[in-house]
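One structure below.
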Amino acid sequence: MGTFKAIRIDKADKGTTAALTQFDDADLMEGDVTVAVEWSTINYKDGLAISGKAPVVRRFPMIAGIDFAGTVIASGNPQWTAGDKVIGNGWGMGETHLGAYAEKVRVKGDWLVRLPDGMTTRDAMAIGTAGYTAMLSVLALEKHGLTPKRGAIIVTGAAGGVGSVAIAILAKLGFHVIASTGRTSEEQYLRSLGAAEILDRNELTGAAKPLAKELWAGGIDSVGSTTLANLLSMTKYGGAIAACGLAAGMDLPTSVAPFILRGVCLLGIDSVMCPIETRRRAWSRLASDLDRSKLAEITQEISLDEVLSTAPSILAGQVRGRLVVKIM
Ligand code: NDP
């Protein structure tokens, strides 16, 4: 038995502490597959867990991090053998099960997805939970029957992780994408990802009317609150909004008008407990429908040591696109 490097969260008198330390192999939790982690990433939820700003962590001590990609080093699960390249995210990792900011994780083999052909472990974490959630949202809109012929798609929180990947995927699929952002200085970046129009997010933050002019057939919203309410009131007859985030708040001050007068649907997106078949479909579609050169454009690399100092900036809405964390 040895030790490995990890970012550990402990309970303190007031809130929690986060530090890069050595963790004992003997303290790994139950699981039938052990993985040497190569890459992780920083998502909004990781920012919350490290800063202690929301009760994400529900077991102490905890290793933070909800996302990893790496190589299986030991397996008691018939699906996996040493040397397999895998992706793991959600299922309570970094919340109730020891997480991904670590050189080693032990998890249930049933949680893992095989790395798609042609995708590197670094690519997988450049996508991460944010990008996979963007794809879950696209899958939900497609299931609702939305095609480019039905009209434009709006993406909120456009310069963030979910938003950036969503724009790149939707543009590649041929949709007219409207990017809503508070960082209009990022217009060039958003257009390079495939946004056809840029909308200042202030246009969507006031109190929503029950119904407003129909502007888009669908949307992917990572912001919540009045922004989501405005999106719903401006959605065309029969359209749908995939709701996946709460960057502006958990509330939803809306009315039933878009639902009962325009047949608009609100599609809930959860990445954490999403069934494995849907995960496999999402990762397979990410392999085919996300342009790698665009992924490279939205990705910056940091080290495990830099996670602690970088995490607060994602909560401040200052991170553009995606951050990958090099573990080993
Ligand atoms: P990021 O911080 O990368 O992106 C969020 C973006 O939202 C920001 O870049 C900013 O975009 C915008 N934003 C931030 N604060 C506000 C505000 N007060 N009002 C309006 N817009 C704001 O985070 P992620 O992309 O990683 O995650 C986005 C959201 O999705 C988070 O709430 C996260 O918890 C949620 N999420 C949910 C998942 C699920 O399973 N349902 C999985 C993954 C993420 P801009 O500067 O362009 O305006």
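As the structure lists them, so they are numbered: ligands from 1, and atoms in each ligand from 1.
Per-residue contacts place Gly157 under 4.0 angstrom from the following atoms of ligand 1 (heavy atoms of the residue considered): 6 (C), 7 (O), 11 (O), 12 (C), 47 (O). Counting atoms of ligand 1 from 1 in the listed order, those under 4.0 Å from a heavy atom of Ser222 are 28 (C), 29 (C), 30 (O), 32 (O). Atoms of ligand 1 lying under 4.0 Å from any heavy atom of Thr129, numbered from 1 in the order shown and given with element: 42 (C), 43 (C). Which parts of ligand 1 touch Val223 is read off a 4.0 Å heavy-atom cut-off, strictly below it: atoms 20 (C), 21 (N). Taking a cut-off of under 4.0 Å to the non-hydrogen atoms of Gly161, the atoms of ligand 1 that pass are 1 (P), 3 (O), 4 (O), 25 (O). The Ser271 neighbourhood of ligand 1 comprises atoms 39 (C), 40 (O), 42 (C), with distances under 4.0 Å to a heavy atom of that residue. Near Thr181, with a cut-off below 4.0 Å to any heavy atom, the atoms of ligand 1 are 45 (P), 46 (O), 47 (O), 48 (O).
Although no hydrogens or angles enter the test, the distance criterion places a donor-acceptor pair under 3.5 Å between the side chain of Ser222 and the main chain of Thr156. Of the possible polar contacts, none joining the Arg150 side chain to the Gly218 backbone as a donor-acceptor pair under 3.5 Å is found. With hydrogens and angles ignored, the 3.5 Å screen pairs no side-chain donor or acceptor of Asn43 with any backbone N or O of Asp46.
Proximity of Ile314 to ligand 1, defined as any heavy-atom pair under 4.0 Å, is shared by backbone and side chain alike. With a heavy-atom cut-off of 4.0 Å, Thr133 touches ligand 1 through its side chain alone.
Any N or O atom pair closer than 3.5 Å counts here, and Lys45 shares no such pair with ligand 1. Annotation: Thr227 places no N or O atom under 3.5 Å from an N or O atom of ligand 1; distance criterion only. The shortest N or O to N or O distance between Ala159 and ligand 1 is under 3.5 Å. For Val162, a nitrogen or oxygen atom sits less than 3.5 Å from a nitrogen or oxygen atom of ligand 1, counting backbone and side chain alike. The distance criterion of under 3.5 Å between nitrogen or oxygen atoms is not met by Val319 with respect to ligand 1. Considering backbone and side-chain N/O of Ile269, one or more are found under 3.5 Å from N/O of ligand 1.
At least one heavy atom of Arg201 sits closer than 4.0 Å to an atom of ligand 1. Taking 4.0 Å as the cut-off, Leu246 counts as a neighbour of ligand 1 on heavy-atom distance.
The OH atom of Tyr101 sits 14.5 Å away from the NZ atom of Lys5 when rounded to the nearest 0.5 Å.
Ring geometry for Phe4 versus Phe23: interplanar angle of 30 to 60°, hence tilted.
You'll find the ring centres of His176 and Trp216 outside the 6.0 Å limit.
Using a cut-off of 4.0 Å between Lys/Arg side-chain N and Asp/Glu carboxylate O, Asp25 and Lys104 are scored as salt-bridged. Under the 4.0 Å criterion applied to side-chain N and carboxylate O atoms, Glu277 and Arg281 are not assigned as salt-bridge partners. Arg285 and Glu142 are joined by a salt bridge, as a carboxylate oxygen and a charged side-chain nitrogen come within less than 4.0 angstrom of each other.
Neither side chain, Ser40 nor Asp67, offers a donor N or O lying under 3.5 Å from an acceptor on the other. For the residue pair Asp10/Thr17, the side-chain donor-acceptor check at 3.5 Å is not satisfied.
Taking the side chain as every heavy atom from C-beta outward, Glu30 and Arg106 never approach each other to under 4.5 Å.
Counting only heavy atoms of the protein, atom 8 (C) of ligand 1 lies nearest to Arg183 NH2, 4.0 Å. From the protein, the heavy atom lying nearest to atom 4 (O) of ligand 1 is Gly160 CA, 3.3 Å. For atom 14 (C) of ligand 1, the closest non-hydrogen atom on the protein side is Ala247 CB, 3.7 Å.
The environment of Asp117 atom CG is sparse: at most 12 non-hydrogen atoms of other residues, nucleotides or ligands sit within 6.0 angstrom.
Nearest residue to atom 23 (O) of ligand 1 from Tyr189, Tyr44, Tyr132 is Tyr44 (criterion: closest heavy atom). Residue nearest to atom 37 (C) of ligand 1, selected from Cys244, Ala248, Gly245, Gly47: Cys244 (by heavy-atom distance).
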